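These numbers were taken from a predicted model, which means no experiment stands behind them. Just so you know, these numbers use all the heavy atoms, side chains as well, and skip hydrogens, waters and symmetry mates.
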Amino acid sequence: MSADFFKRLGWFALFFLIQVLVLGRIHLFHYATPFLYVYFVAMFPRNHEKWAVLVWSFLLGLLIDIFSNTPGLAAASLTVIAAIQPYYMELYVPRDSADNLLPSIKTFGPLKYAYYIVPMVLLFCILFYSLEMFTFFNLMYWLLCVAGSSFITLVLIFTIEIGRGR
């Protein structure tokens, strides 16, 4: 087994524990819940095996669903994000860059990284809350949940990214 596998397993365990023990219990104003585990999918390097990204993401989402009592929501939403992440990242990575390039503020730059991470988090929140509510009759509540959760998740991700860059 490679060192990359154990490093990824450590990140997996860290994001799982943080989400289940701390962030899953936070519901600001009954709308905003931070979903920091989306950052786990965004951290996969360029040219990482696509099947591995899907398996890691599905397992993380499944474990979070089991411990958060959200039947399949996180697993489905995170798997969709994992399916598009390798292709979406290619839009922001120069063709002559390293094969194992890690997406971060340091490697992409602040603006490109924002263009990379914001739509991924927004899409995750849209999928998650659409599956959770399974209706658009209460559109304002849905919009507040998506916007609030996206905002707080992005604040956490950018805070971690800035801290990792130092």
Return yes if some donor-acceptor pair links the side-chain N/O of [X] with the main-chain N/O of [Y] below 3.5 Å, else return no.
X	Y	answer
Thr33	His27	no
Asp65	Pro71	no
Thr107	Leu102	yes
Thr153	Phe35	yes

Notebook entry, point to check: Under 6.0 Å between the ring centres of Phe108 and Tyr116?
Noted result: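 Centroid distance Phe108-Tyr116: below 6.0 Å, so yes.
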Note to self: Aromatic contact between Tyr37 and Phe124, with the criterion being ring centroids under 6.0 Å apart: yes or no?
What the structure shows: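 Yes - the distance between ring centres of Tyr37 and Phe124 falls below the 6.0 Å cut-off.
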Next item on the list: Look at the side-chain heavy atoms of Ile, Leu, Val, Met, Phe, Trp and Tyr, link any pair under 4.5 Å apart, and say whether Leu28 and Val155 land in one connected group.
Entry: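 Different clusters: Leu28 never reaches Val155 through Ile, Leu, Val, Met, Phe, Trp or Tyr contacts under 4.5 Å.
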Next item on the list: Anything under 30° is parallel, anything over 60° is perpendicular, the rest tilted; go ahead and classify Phe67 against Phe16.
Entry: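 Plane angle over 60°, so perpendicular.
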Next item on the list: Assign the ring pair Phe40 / Phe15 to parallel, tilted or perpendicular, where the plane angle (0 to 90°) is split at 30° and 60°.
Entry: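 Ring orientation, 0 to 90° scale: perpendicular.
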Item checked: Charged tip of Arg8 within 45° of Phe44 ring normal and under 6.0 Å ->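 Yes, Arg8 and Phe44 form such a contact.
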Check: Think Lys7 forms a cation-pi with Phe12, using NZ or CZ under 6.0 Å from the six-ring centre and within 45 degrees of its axis?
Finding: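 No, a cation-pi geometry is absent between Lys7 and Phe12.
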Any side-chain heavy-atom pair of [X] and [Y] under 4.5 Å:
X	Y	value
Leu60	Val41	no
Val146	Leu143	no
Cys145	Met133	yes
Leu131	Ser77	yes
Leu101	Pro45	no
Gln85	Lys50	no
His48	Met43	no

Next item on the list: Check the pair Tyr39, Leu154 against side chain to side chain contact (heavy atoms under 4.5 Å, CB included), reporting the backbone distance first and the verdict last.
Entry: CA-CA 9 Å; Tyr39 184 52; Leu154 288 168; over 6 Å; no
Note to self: Evaluate Asn47 against Glu90 for side chain to side chain contact (heavy atoms under 4.5 Å, CB included), listing each step before the verdict.
What the structure shows: CA-CA 9 Å; Asn47 292 340; Glu90 288 298 321; 4.3 Å; yes
Check: Salt bridge check: are Lys106 and Glu161 linked by an N-O gap of less than 4.0 Å?
Finding: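 So Lys106 does not pair with Glu161 through a salt bridge.
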Checklist line | Within 6.0 Å of CZ in Phe151, more than 12 heavy atoms from elsewhere | finding: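 Atom CZ in Phe151 is not crowded, with 12 or fewer foreign heavy atoms closer than 6.0 Å.
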Check: Measuring from Ile64:CD1 to Leu59:CG, what's the distance to the nearest 0.5 Å?
Finding: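 One finds 11.0 Å between CD1 of Ile64 and CG of Leu59.
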Notebook entry, point to check: To the nearest 0.5 Å, what is the distance between CD1 (Ile152) and CG (Leu36)?
Noted result: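 The distance works out to 10.5 Å.
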Nearest heavy-atom pair of [X] and [Y]: which atoms, and what distance?
X	Y	result
Ala74	Gly61	CB-O, 3.7 Å
Val53	Ser57	O-OG, 2.8 Å
Ala32	Ser149	CA-OG, 3.7 Å

Notebook entry, point to check: side chain to side chain donor-acceptor pair (under 3.5 Å): which pairs involve residues 10-25, sequence neighbours left out?
Noted result: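 Checked against side chain to side chain donor-acceptor pair (under 3.5 Å) - neighbours excluded - no pair reaches residues 10-25.
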Checklist line | Trace of the ring-ring contact (aromatic ring centres under 6.0 Å, His included) decision for Tyr141 with Tyr31 | finding: CA-CA 8 Å; Tyr141 180 70; Tyr31 299 115; 5.5 Å; yes
Check: Given the rule in the side chain to side chain contact (heavy atoms under 4.5 Å, CB included) test, do Leu62 and Leu78 qualify, once you have shown the distances and angles that lead to the verdict?
Finding: CA-CA 9 Å; Leu62 185 65; Leu78 207 59; over 6 Å; no
Check: Is there a side chain to side chain contact (heavy atoms under 4.5 Å, CB included) between Phe158 and Tyr113 once you walk through the steps?
Finding: CA-CA 9 Å; Phe158 279 109; Tyr113 188 74; 3.7 Å; yes
